[in-house]
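Reviewing the structure listed below.
Predicted, not measured: the structure shown is a model, and the values here were computed from it. Numbering starts at 1 and runs along the sequence shown.
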Amino acid sequence: MKTLIMCAILGIATARPQNPQDAYITRYDFDNAGLGGYSFGVETSDGFRHDQTGEVVNPGAENESIVMRGSYSYVGPDGVTYTVVYIADENGFQPEGEHIPPSAGVKKLGIPAAAQASLIGGGLG
């Protein structure tokens, strides 16, 4: 789990344009006892901030998963601070922010029962 968190931090930090000589970490908090949940927070001198918590849902069950909630913000090239609030769970990464366009009415499509049966070896008829 620690590797996953570090990859997420590094991925977000390296995905945005910056001059590495100009930015440095001003805050880093991390809490992971390995017992089902974690939290972390990081801030850098160039205005980037990321806070996240995670918890195990349905521990020990076949559908065990991790739900992550958090937010990150950064100062864009236009000088505006952009903030994204998100949840990542069995439904994927779900970001929200004033600068993120709406989904244009996109809806999740279910897989018909007959197709599910076929995929797991139950046949179509």
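- Not less than 6.0 angstrom separates the ring centroid of His50 from the ring centroid of Tyr74.
- Residue pairs meeting the side chain to side chain donor-acceptor pair (under 3.5 Å) criterion with at least one partner in residues 56-66, sequence neighbours excluded, are absent.
- Closest approach of Ala23 and Ser45 over heavy atoms only: CA-OG, 3.3 Å.
- For Ile87, the side-chain contact (heavy atoms from CB on, under 4.5 Å) partners at least two apart in sequence or on another chain are Val67, Arg69, Asp89, Gln94.
- Within the 4.5 Å cutoff, the side chain of Tyr38 has heavy atoms near those of the Gln52 side chain.
- A donor-acceptor distance shorter than 3.5 angstrom exists from the side chain of Thr26 to the backbone of Glu43, with no hydrogens or angles considered.
- Val75 and Gly47 make their closest contact through CG2-CA, 4.3 Å (heavy atoms, listed as atom of the first residue, atom of the second, distance).
- Residues satisfying the salt bridge (charged side-chain N to carboxylate O under 4.0 Å, His left out) test with Asp51, not counting sequence neighbours, are Arg27, Arg49.
- One hydrophobic cluster holds both Ile100 and Tyr82 under the rule that ILVMFWY side chains link at heavy-atom gaps under 4.5 Å.
- Under a hydrophobic-cluster definition in which Ile, Leu, Val, Met, Phe, Trp and Tyr are linked whenever side-chain heavy atoms come within less than 4.5 Å, directly or via other members, Phe48 and Phe30 are assigned to the same cluster.
- For the pair Pro95 and Tyr86, the tightest heavy-atom approach, listed with the atom from each and the gap, is CA-CB, 4.0 Å.
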Evaluation steps, side chain to side chain contact (heavy atoms under 4.5 Å, CB included), between Val42 and Ile25
CA-CA 7 Å; Val42 65; Ile25 295 173; 4.2 Å; yes
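- Residues Glu98 and Thr83 have side chains not in contact (no heavy-atom distance under 4.5 Å, counting atoms from C-beta outward).
- Between the CZ atom in Phe40 and the CG atom in Asp29 there is a gap of 11.0 Å [rounded to 0.5 Å].
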